[in-house]
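Let me begin by presenting the structure, written as C-alpha cells, before commenting on it.
Fair warning: this is a prediction, and the values are worked out from it, not measured in the lab.
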Amino acid sequence: LAMLEKIPESPETRRIAALARTGPSAGTDVQARLAALLDTVKSDDDARQEFVDLLELLPAEDPAKADCRRQLTARLF
C-alpha cells in the first residue's frame with residue numbers, strides 16, 4: 001500500500017489497494033459481504049473502508065455497484 005501511494009491514483013491503483021486491504025478471498029461473494037456490512041458502515045470506520053474496497057472490486061458495468069453506492073450514501077447521510 002505504501003508503494004501505491006507513490007503512484008498517481010487511477011481506477012487500477014484503487015482496485016489493487018482494495019485487493020491488498022481485503023485479501024484475494026474477498027472476491028468470493030462480494031454481494032453478501034456488502035449486505036452484511038451495510039448496517040455498520042455509519043458507526044464503524046473499518047466496515048466503511050471495507051465496504052468501499054469491496055465496491056472497487058465490482059466491475060464498473062455491474063448494476064449492483066450503483067445500487068450499493070446509493071445504499072451506502074443513504075446509510076451515511
Decide yes or no for Asp67 and Gln71: does some side-chain heavy atom of the first lie under 4.5 Å from some side-chain heavy atom of the second? yes
Indicate if Leu38 and Leu57 have the same hydrophobic cluster label, given that clusters are the connected sets of ILVMFWY residues with side-chain heavy-atom separations under 4.5 angstrom. yes
Separation of Ile16 CD1 from Met3 CE (nearest 0.5 Å): 10.5 Å
Side-chain touch Ser43/Arg48, heavy atoms, less than 4.5 angstrom: no
Please determine whether residues Leu76 and Phe51 belong to a single hydrophobic cluster, defined as Ile, Leu, Val, Met, Phe, Trp and Tyr linked transitively by side-chain heavy-atom distances below 4.5 Å. yes
CG of Asp46 to OG1 of Thr40, rounded to nearest 0.5 Å, is 9.5 Å
Using the test side-chain contact (heavy atoms from CB on, under 4.5 Å), find all partners of Asp39 that sit at least two apart in sequence or belong to another chain. Arg75
Is any side-chain heavy atom of Leu34 less than 4.5 Å from a side-chain heavy atom of Leu58? yes
Output all residues satisfying salt bridge (charged side-chain N to carboxylate O under 4.0 Å, His left out) with Glu5, sequence neighbours left out; order by chain, then residue number. none
Would you call Arg14 and Glu56 a salt bridge, using N to O less than 4.0 angstrom? yes
For Ala64 versus Gln31, what's the shortest heavy-atom pair and its separation? CB-NE2, 3.1 Å
Show, in sequence, the C-alpha distance, side-chain angles and deciding distance for Leu37 and Leu54, and conclude whether the side chain to side chain contact (heavy atoms under 4.5 Å, CB included) test is met. CA-CA 10 Å; Leu37 289 167; Leu54 290 171; 3.8 Å; yes
What are the two closest non-hydrogen atoms of Cys68 and Leu55, and how far apart are they? CB-CD2, 3.5 Å
With sequence neighbours excluded, tell me which residues meet salt bridge (charged side-chain N to carboxylate O under 4.0 Å, His left out) with Arg21. Asp53
Separation between CG of Leu4 and OG of Ser10, rounded to the nearest 0.5 Å: 9.0 Å
